[in-house]
Amino acid sequence: PEPATQKPGLLGRILRRGETKTVVRRVLDDDMLESLEELMIASDMGVDTALRISANIAEGRLGKKMSVEEIKGALSTEIARVMEPVAKPLPLYQKRPQVVLVVGVNGAGKTTTIGKLASQFRAAGKSVVIAAGDTFRAAAVEQLQVWGDRAGVPVLTAPEGSDPASLAFDALTKARDEGADLLMIDTAGRLQNRQDLMEELAKIVRVIKKIDPDAPHNTLLVLDATTGQNALNQVDTFQKLADVSGLVMTKLDGTAKGGVLVALADKFGLPIHAIGVGEQIDDLAPFDPQDFARALTG
Ligand code: GDP
């Protein structure tokens, strides 16, 4: 066996530098697994998830000689296995109009995601209405209008400070009367006053149910993948505030590899409907567990 001091270097190559050419084979032992666990935890995958993935990798392989490529392959396969059950496109066209409530903290990418989704639906020949439900932030409303223009979709607004529930009611009435396929309702993202936000979201839901008892058909939580472990807290919080049915993970372009997605999938099992991969209108992609696992394993 090689000296123990070489171990972190090898694992560094496995996961960090992506030097995949090495033909070095070494025994998959407890030390190696422990280093893998540390790397997984350091990349925000969470302790429980890391330990379970490590146990799965060990199964049938402990004590065997493996190359770097083989270890990477095993790791990637195990990560993909955790992610496969949550990779689900947004379930569409179950209802007309389908009502999608979009929640998340300010800056997570709600506005951008709504714009991107609207554009995709328009491209598919569907009619879309957007309700600018963050009525307390004039800038948010303006930004949403910009995205609506880009996507060619009407954005319903209400005077600053007015009741978002009443706007949502009007928007659903309009969407229904016009035979729209999809209504997306933006919401406020200020977590500073949780009680307020909870009541606001509850009221929106209560009011739109007067028109369609099944609405909202989806409650999308938009999360910034670069916030690491913080994303876990946000899911916890928003699950208390709303009936979250699925996630959109933004900002998976750039340097963020999004290890936290693995922890999220493992802990909450919520569907990941799409990922944001840039700031442009077309930068929304389906979530592909294999691609994701390969990128994460590097
Ligand atoms: P909101 O406050 O939740 O509505 O967030 P915004 O939609 O305004 O987005 C906040 C910032 O994140 C903006 O600068 C967006 O351009 C940026 N953003 C949103 N989604 C993505 C993404 O997938 N990738 C990148 N790189 N930036 C994004």
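Values below: all heavy atoms of this structure, side chains included; hydrogens, waters and symmetry mates excluded. Note that the numbering runs from 1 along the sequence shown for the chain. Atoms within each ligand, like the ligands themselves, are counted from 1 in listed order.
In terms of modelled atom types and a separation under 3.5 Å, the side chain of Ser35 and the main chain of Asp31 share a donor-acceptor contact. In this structure, Ser119 contributes its side chain and Gly115 its backbone to no donor-acceptor pair below 3.5 Å. Side-chain N or O atoms of Thr237 include one that pairs as donor or acceptor with a backbone N or O of Asn233 at under 3.5 Å. Judged by distance alone, with hydrogens and angles left aside, the side-chain atoms of Ser67 form a donor-acceptor pair with the main-chain N or O of Glu70 at under 3.5 Å. A donor-acceptor contact shorter than 3.5 Å links the side chain of Lys116 to the backbone of Asp283. No side-chain donor-acceptor contact under 3.5 Å links Gln229 to the backbone of Val260.
Ligand 1 lies under 4.0 Å from heavy atoms of Val105, Asn106, Gly107, Ala108, Gly109, Lys110, Thr111, Thr112, Lys116, Arg137, Thr250, Lys251, Asp253, Gly276, Val277, Gly278, Glu279.
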